[in-house]
Amino acid sequence: MINKIVKSAAEAVNGIHDGATVMIGGFGEAGSPIELIHALIDYGAKDLTVVSNNTGSGHVGLAALIENKQVAKTICSFPRTANSKVFPELYHAGEIELELVPQGTLAERIRAGGAGIPAFYTPASLNTPLAEGKESRVIKNQEYVLEYAIKADFALVKAETGDRYGNLLYHATARNFGPIMCTASKVAIVQVKKIVEPGQIDPETVVTPGIFVQKVIEINNPVDESQLVEEEMSYP
Amino acid sequence: MINKIVKSAAEAVNGIHDGATVMIGGFGEAGSPIELIHALIDYGAKDLTVVSNNTGSGHVGLAALIENKQVAKTICSFPRTANSKVFPELYHAGEIELELVPQGTLAERIRAGGAGIPAFYTPASLNTPLAEGKESRVIKNQEYVLEYAIKADFALVKAETGDRYGNLLYHATARNFGPIMCTASKVAIVQVKKIVEPGQIDPETVVTPGIFVQKVIEINNPVDESQLVEEEMSYP
Amino acid sequence: MIQTDKKIGWDRNEMAQKVALDIPNGSYVNLGIGIPELVADFVPKGRELIYQTENGLLGMGKVPENEMADRELVNAGKKYVTAIPGAAYFHHADSFAMIRGGHIDVCVLGAMQVSEQGDLANWSTGAKDAIPAVGGAMDLVAGVNRIFVITQHLTKHGDPKIIEKCSYPLTGKQVVESIYTNLAVIDVKEEGLFVREMAPNVDFNYLQKRTGAKLNQYAQRQV
Amino acid sequence: MIQTDKKIGWDRNEMAQKVALDIPNGSYVNLGIGIPELVADFVPKGRELIYQTENGLLGMGKVPENEMADRELVNAGKKYVTAIPGAAYFHHADSFAMIRGGHIDVCVLGAMQVSEQGDLANWSTGAKDAIPAVGGAMDLVAGVNRIFVITQHLTKHGDPKIIEKCSYPLTGKQVVESIYTNLAVIDVKEEGLFVREMAPNVDFNYLQKRTGAKLNQYAQRQV
C-alpha cells in the first residue's frame, strides 16, 4: 500500500541536509507552512538556499528560519514586506545572499523545473537591471530574456486537504506557489489541515496529483502567523 | 453585464475566417466538440490550419471538416487512428499538409502560446527525425531542442459545465487539450453540456477561468461520435 | 470675490474616477497597490469589470467586513479581500500565464517615474542601501495590453515624476499608455506626451512647468 | 521420451509477468498500448502501482464492464477505462509536465527495434507512403526514468528486433534500460547487452542467433 502520511512535523522534515535547496510555499502568510518551517528550525539544517516569494514576517516562520542563520541564500521576488525585519538586517550585514526574480518569472522557472523544461524565454525584465548579464533573443520581432528552470531538493508546502497518495486541495489564495513547488522538488513535504481517504477528493478537483508529493502531515490547527507577528512572538 | 453565452452553434462559429488557425480540442472522440465542428462545416471557412491531436474518425466531426476540403494544414501528434480514413487519402494525394509534433511538445507549445512564452527547450524528439533542422542547445550537460509557441485565432472546445463568465469544468479525460487551447487562442468557443449561474461552480474547482473563454454555447445532448462512426454516418 | 484658496487639481478619488471611465465594460483588470485600488470604487453603472490579483484569484471582490476576514484570501498587497460569485483560484504559474499571455486588458499601476517614451520605474530607487523588491510589476508591464499609471504629478519633494528619461531602474521600457495625475491626464504617443485633459485651475503652462519632459497639445481636442 | 513439441519461450502473459516483477512497489507507471497493458494484470500481491495515462489521468483502473463505459474516460489507446479512488484528472500540458519532468518511474513500451545502445524505434518504419504518427512516445522516452521494452524477439518476418543500430527512425537515443522478449530478459548496459534471464528451452546460442547484436553474459548470475 502506498502511504505518504507521516506522524509528526519532525518526521516530515527529517533528512533535509545542510546545503539543500528548499522551496517554501506561501504568499506572505497565506499558504506559509509555518509548522514545517518551525520543525526545520528544530532540525537545524544549515546553509540552505530558500526559494520563496517573500522572506517572512516578524520573528516566526520563514523570518525565524532566516534569523536562526540557517539560510545562506534566498531566491525571491519581494524580500521586504511591512513586517519583515530579519532579512533587511542580515542583507545589509552581507550575511545572506539574494537572487531577486520577477514574480512571474519565479513562478515560471519553478513550473519549468517541475515540467522538465530546462529553459524558456520571457518578455519580463527586458531592459531592466534584472536582465543584465542574461542572454536575450529576438523572436518574431520581439526581444525576450532567457531564463532557466529552478529545482529543489525539498519543498515545504501548506495545503488544505490531502490523502495517503499525496493528492491535495488548497484553500483560496493559499494555493499560490504550493502546486508548482511540489512539482519542482525531489521531496515535497506538505502540511494539510485534514487527511481524508482516497476517493474522498473528487478526481476532477484535485489540484496537486499525488505523484508530486512525497510526505503528508496533518496539522489540524495551524498557528495563525499574522497573530504571532502582531504579538511579536518569536521562534524558537 | 458580462455575458459570453451565445444562442446557437452557428452564432458561435460566426466570424471564423478563411485561412484562420483553429485549435480543436479532443483526444480521439473524448472531448471532441463535434457540434461546433459541424457548425464550422456549415459556415464553410476554408484554407484552415487545424491544431488538434488527431485527424478525426469516420466521416463526421474533424474527419468531415477535412473531407470537406476546409483544412489546408494540420498540426498534430497522431494523425492516423483505427477509424481514420479521410486524412490518409488526402495526405497521400498531397492535398493536406502535416506538421507532426510529439504529443507533449504539442501540449507545451500550446501552453506556451497561452502563457506568453515564445519558445522553450525540451528533451523530447532529440536525435530523431522530428528534431531535424531544429536548433538545439546543451544545458547542464544535456542536449535539448528549441520549440516555439503555437497560438491560434480560434479554439473549438468541449466542456461539461460553464457560466456566463466563461468559467469551465470538464469531464474525465475529455479535459485533455481543452484548457490549454482556450488559453492560446484569441477566440475560444466552448460547447458545454450545461450552463449554470455564476457562483454555482466552486472557485476552488474551476479548471478554465472565464478570462480564457470568449463564447459559450449550451449543447445539452451532444451526439455520440463513436456511435456515428460505427454507423458510418457522414456530415453534412 | 478673491479666491485665494481655489482648489487646484484632482484628489485621489477624482484621479481614480478618471481611470475608471477609461476602462471598457467587460475588461479584465489588475490593480496595483495604493491609489490604483481606488479605481474599483468608481466603475460607471452598467459596466462590469473582473479584477485579477496575481497571487491567484480572478474575480476579486470587495474588502471583507473585518470579522469575516479569511486569513488565506488576500490580494497582491496581502490585504484581506473577498471573491465574487464566478471567481476562480489558481496557482502562481497559471496566474502569470494569464498576465504574461496578454489576457489581462488593463493594469493600473503607481509610479516613481515615467519617461516621455512611456518607460516606467516603480520598483526601486536604485539606492545602494535599499532592499530591492520587484514583485510582479515587471511581468505585468511586459504582459498586460494596456498599462495606465496613476500617480501624483510631483514627488513629495516637489520634483517632476514625468521626465525625459527615468533615472531610477526601469520596470519596463515603452509600456505606459496613459498617465493619470492630480493635475492632468496625459497620453504617451510615439510622437511624445499629449495632454488629454487638465484638472480644474490647471493650465498648460502650469502643467508644463511641473513636468520634466515636453508636453504636447492635441491638435483637436478629443471628445 | 522425445519432446518434439516442447514449448520454447514465454507467452505474452509470462513476458508481462517478468516486467511486473521488476516494478517496485509504489511506482508511478505508464503502460504503452498492446502487450504493455498486460503488465497491470501481474502486479505481485502487496505491491501497489499507480498508472498514468498521458491523456490526462493518474490512477487509471481496470477496463470497465461494457455497459458502464464512459465515452469520455479513455486511455492513451482510446480504449474505455476506469479511475481508481484517489485518481486525478488534468490537462495535457500538466500531463506531459508529469512525464517530461521525470515524475513517472517506469514506462513500458512496445518496440519495432532496439539497438545495443538502448536506442528505441517504435513509431515509424520510415516508409515513404506511411502516415507518420508519433503520439507521446518521444516525450515518454525523454522524460521517464526507466524505460522497459516488451516485445517479441523477432519480427513477424523472423528478423531480429534487437540489433546493432536501428534502421527505422528513432523514438529516442540510449533510452531503454531492459528488454523483455518471448525469449529472454536483456539489460542494456554501457558495455553492451547483458542477458539476465532466458526463457524455458532457450540457450545462449539459440538467443544470440536470433539477435542482431552481440549478447553478453553476466560474470556472475544476478539473483
Side-chain angles (χ1 to χ4, degrees), chain A residues 27-31 53-55 57 76-82 84 87-88 91-92 98 100-112 114-115 122-131 144-145 158 160 170-181 183 207-208 224-227, chain C residues 33 53-57 60 69-83 87-102 117 119-121 123-124 126 128-143 166 168-175:
Chain A
F27 184 84
E29 291 143 37
N53 192 59
N54 308 104
T55 59
S57 299
C76 71
S77 90
F78 210 83
R80 64 157 195 263
T81 51
S84 83
F87 179 84
Y91 181 75
H92 284 133
L98 168 66
L100 188 70
V101 183
Q103 199 170 125
T105 299
L106 181 65
E108 190 68 11
R109 289 177 65 191
I110 295 168
R111 191 254 171 205
T122 175
S125 88
L126 193 72
N127 296 308
T128 79
L130 297 192
Y144 297 92
V145 180
K158 183 185 183 189
E160 189 72 8
Y170 297 80
H171 174 66
T173 56
R175 188 183 301 195
N176 58 72
F177 285 88
I180 50 175
M181 287 181 169
T183 70
V207 174
T208 292
D224 182 334
E225 184 172 337
S226 305
Q227 199 182 323
Chain C
I33 300 164
T53 177
E54 62 263 35
N55 55 311
L57 168 60
M60 181 173 61
D70 179 338
R71 293 284 166 113
E72 298 195 320
L73 178 41
V74 297
N75 67 11
K78 285 147 191 145
K79 289 186 200 142
Y80 301 129
V81 295
T82 56
Y89 297 112
F90 32 81
H91 63 59
H92 248 83
D94 279 352
S95 182
F96 279 88
M98 214 173 260
I99 290 166
R100 198 188 309 100
Q117 288 82 34
D119 301 350
L120 175 67
W123 69 284
S124 169
K128 285 237 162 109
D129 61 340
I131 309 265
V134 65
M138 288 185 182
D139 309 276
L140 283 162
V141 300
C166 296
Y168 294 159
L170 293 189
T171 308
K173 199 176 167 123
Q174 296 181 4
V175 293

- Only residue of C:L57, C:D70, C:N75 satisfying side-chain contact (heavy atoms from CB on, under 4.5 Å) with A:T173 is C:L57
- Taking all non-hydrogen atoms of both residues into account, name the closest pair between C:V134 and A:P102 and its distance. CG1-CA, 3.7 Å
- Comparing C:L140, C:N55, C:I99, C:D119 against chain A, the one with the most heavy-atom pairs below 4.5 Å turns out to be C:N55
- Interface moiety of A:Y91 toward chain C, non-hydrogen atoms closer than 4.5 Å: side chain
- Message: Please find the pair of heavy atoms, one from C:K78 and one from A:F78, that lie closest to each other, and give the distance.
- Response: NZ-CD2, 4.5 Å
- Closest-packed option against chain C by number of heavy-atom pairs under 4.5 Å, given A:G31, A:S226, A:A131: A:S226
- Task: Can you tell which part of A:L98 gets under 4.5 Å to a heavy atom of chain C, answering side chain, backbone, both or neither?
- Result: side chain
- Task: Tell me, out of A:R80, A:K158, A:E29, who's got the most heavy-atom pairs with chain C below 4.5 Å.
- Result: A:R80
- Separation between CG of A:L100 and CD1 of C:I131, rounded to the nearest 0.5 Å: 10.5 Å
- Measure the OG-CE distance between A:S77 and C:M138 for me, rounded to the nearest 0.5 Å. 10.5 Å
- In terms of heavy-atom contacts, C:A93 and A:I180 come closest through CB-CG2, 3.8 Å
- Message: Are A:F27 and C:H92, when compared by the centres of their aromatic rings, separated by less than 6.0 Å?
- Response: yes
- Quick one: CD on A:Q103 to OG on C:S95, what's the gap to the nearest 0.5 Å? 8.0 Å
- Message: So, taking the atom named NE2 in C:H91 and the one named CD1 in A:I110, what distance separates them when rounded to the nearest 0.5 Å?
- Response: 11.0 Å
- Spatial distance of atom CG (C:L170) from atom CG (A:L126) [nearest 0.5 Å]: 10.5 Å
- Query: Roughly how far apart are A:H171 NE2 and C:R71 CZ, rounded to 0.5 Å?
  - Reply: 12.0 Å
- Apply side chain to side chain donor-acceptor pair (under 3.5 Å) to C:E54 and list each qualifying residue two or more places apart in sequence or on a separate chain. C:N30
- Correct closest heavy-atom pair for C:R100 and A:G104 would be NH2-O, 3.1 Å
- With a 4.5 angstrom heavy-atom cut-off, could you sort out which part of C:S124 is near chain A: side chain, backbone, both or neither? neither
- Query: Checking C:F96 against chain A: side chain, backbone, both or neither under 4.5 Å from a heavy atom?
  - Reply: side chain
- Item | Closest-packed option against chain A by number of heavy-atom pairs under 4.5 Å, given C:A137, C:A142, C:A133 | C:A133
- Smallest heavy-atom separation, C:L73 atom then A:A172 atom, equals CB-CB, 4.2 Å
- Query: Using a cut-off of under 4.5 Å for heavy-atom pairs, which of C:P169, C:G56, C:A97, C:P132 has the most such pairs with chain A?
  - Reply: C:P132
- Begin with the C-alpha distance, continue with both residues' side-chain angles, and end with the deciding distance and a verdict on side-chain contact (heavy atoms from CB on, under 4.5 Å) for A:E108 and C:D139. CA-CA 11 Å; A:E108 190 68 11; C:D139 309 276; over 6 Å; no
- Quick one: what part of A:V207 sits under 4.5 Å from any heavy atom of chain C, side chain, backbone, both or neither? neither
- Query: With a 4.5 angstrom heavy-atom cut-off, which part of C:Y80 approaches chain A: side chain, backbone, both or neither?
  - Reply: side chain
